[in-house]
Amino acid sequence: MRTETVGRLALRDPVVVQENATIRDAVTAMRKNKLGCAIVLDRNRVPQGLFPESELTQLLSKNSAVVNEPISKHLKKDWPTVKITDPIARVLDALESRNVRFLIVVNEDGQLAGLTGQKGLMEYVAEHFPGQVNVQRIGGNPYPVDREGA
């Protein structure tokens, strides 16, 4: 994980919305794409901020009319990003230190390349270290107990 790059992770296509979109527009796109965040880009495809579902929950608990406000008013502008050429270990560090689920991935020019996070990292670990990860489907039979597991 210290030598392989973020580009080796299965990056997700993010939900991208315009800065003048409403929170309702963003949430509709997030639900349609089954993703828990939306990103706003500038005209050069440089991320301007991220709107996570956790922000939506906090905002709705205070005022349900917030869904009609522009998303730009509620963007998290200091959201952590990683470069596609960074080591995968940087993803783990960022997720842990910032306590977030998603990371914006950018190319060398700072333009959006994709999205990764907890899911992308766990898929990488399960694929590359199958002997150390014990996976059981819900309702399925457990793997043999002599198998090394997480």
Side-chain angles (χ1 to χ4, degrees), residues 1-19 21-42 44-61 66-67 71-72 74-150:
M1 288 179 45
R2 294 186 196 281
T3 58
E4 291 200 47
T5 65
V6 172
R8 299 278 302 188
L9 297 175
L11 301 181
R12 297 185 72 178
D13 290 330
V15 171
V16 175
V17 296
Q18 301 295 316
E19 67 179 337
T22 64
I23 290 175
R24 182 184 310 275
D25 297 333
V27 171
T28 299
M30 290 161 57
R31 287 186 71 192
K32 178 182 176 190
N33 291 284
K34 298 179 181 171
L35 193 58
C37 67
I39 298 174
V40 172
L41 305 176
D42 70 10
N44 296 317
R45 295 200 41 85
V46 174
Q48 298 302 295
L50 184 137
F51 182 80
E53 62 190 353
S54 58
E55 180 70 7
L56 174 66
T57 304
Q58 290 176 18
L59 291 170
L60 287 175
S61 70
V66 74
V67 295
I71 195 169
S72 58
H74 301 283
L75 278 180
K76 299 295 184 181
K77 296 189 179 198
D78 65 340
W79 201 264
T81 63
V82 291
K83 289 183 180 173
I84 203 159
T85 55
D86 284 343
I88 292 173
R90 183 154 299 152
V91 171
L92 180 59
D93 292 342
L95 291 172
E96 195 172 71
S97 67
R98 297 291 298 273
N99 194 29
V100 296
R101 290 178 40 211
F102 303 103
L103 294 176
I104 299 170
V105 180
V106 296
N107 64 21
E108 290 301 314
D109 296 324
Q111 297 170 317
L112 181 66
L115 190 69
T116 194
Q118 292 174 342
K119 184 177 180 178
L121 186 60
M122 292 304 106
E123 288 171 349
Y124 174 86
V125 169
E127 181 181 326
H128 288 81
F129 305 99
Q132 289 76 31
V133 178
N134 185 7
V135 179
Q136 177 182 345
R137 294 191 187 280
I138 295 175
N141 294 326
Y143 286 101
V145 292
D146 62 341
R147 181 173 180 213
E148 184 176 343

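Here the CG-NE2 distance, from Leu59 to His74, works out to 5.0 Å after rounding to the nearest 0.5 Å. Atom CH2 of Trp79 sits about 10.0 Å away from atom CD1 of Ile39, to the nearest 0.5 Å. With rounding to the nearest 0.5 angstrom, the CG atom of Leu9 is 6.5 Å from the CG atom of Leu121.
The environment of CD in Gln48 is crowded: more than 12 heavy-atom neighbours from other residues, nucleotides or ligands sit within 6.0 Å.
Considering every non-hydrogen atom in both Pro14 and Leu35, the closest pair reads CA-CD2, 3.9 Å. When all heavy atoms of Ile88 and Val6 are compared, the closest pair comes out as CG1-N, 3.9 Å. The two residues Ala94 and Val100 come nearest to each other via the heavy atoms O-CG2, 4.3 Å. In terms of heavy atoms, Gly36 sits closest to Phe102 at O-CE1, 3.6 Å.
For Lys76, the side-chain hydrogen bond (donor to acceptor under 3.5 Å, both in side chains) partners at least two apart in sequence or on another chain are Glu55. Considering only residues two or more places apart in sequence or on other chains, Thr81 meets the side chain to side chain contact (heavy atoms under 4.5 Å, CB included) condition with Ile104.
At least one side-chain heavy atom of Pro47 sits less than 4.5 Å from a side-chain heavy atom of Val106. Looking at heavy atoms from C-beta onward, Leu11 lies in side-chain contact with Ile84 at the 4.5 angstrom threshold. For the pair Phe51 and Val40, the minimum side-chain heavy-atom distance is 4.5 Å or more.
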Sequence neighbours left out, cut at 3.5 Å: what donor-acceptor pairs do the side chains of residues 25-32 make with other protein atoms?
residue, atom, partner, partner atom, Å
Asp25, OD1, Thr22, OG1, 3.4
Asp25, OD2, Thr22, N, 3.1
Asp25, OD2, Thr22, OG1, 3.1
Thr28, OG1, Arg24, O, 2.9

Contacts under 3.5 angstrom, residues 107-115 side chains, donor-acceptor by atom type, not counting sequence neighbours:
residue, atom, partner, partner atom, Å
Asn107, OD1, Asp109, N, 2.8
Asn107, OD1, Gly110, N, 3.1
Asn107, OD1, Gln111, N, 3.0
Asn107, ND2, Gln111, OE1, 3.2
Glu108, OE2, Thr85, OG1, 2.3
Gln111, NE2, Asn44, O, 3.0

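For residues 89-106, every residue pair satisfying the salt bridge (charged side-chain N to carboxylate O under 4.0 Å, His left out) rule, not counting sequence neighbours, is listed here: Glu53-Arg101, Asp78-Arg98, Asp86-Arg90. Residues in residues 3-13 take part in these side-chain hydrogen bond (donor to acceptor under 3.5 Å, both in side chains) pairs, two or more places apart or across chains: Glu4-Arg8, Glu4-Tyr124.
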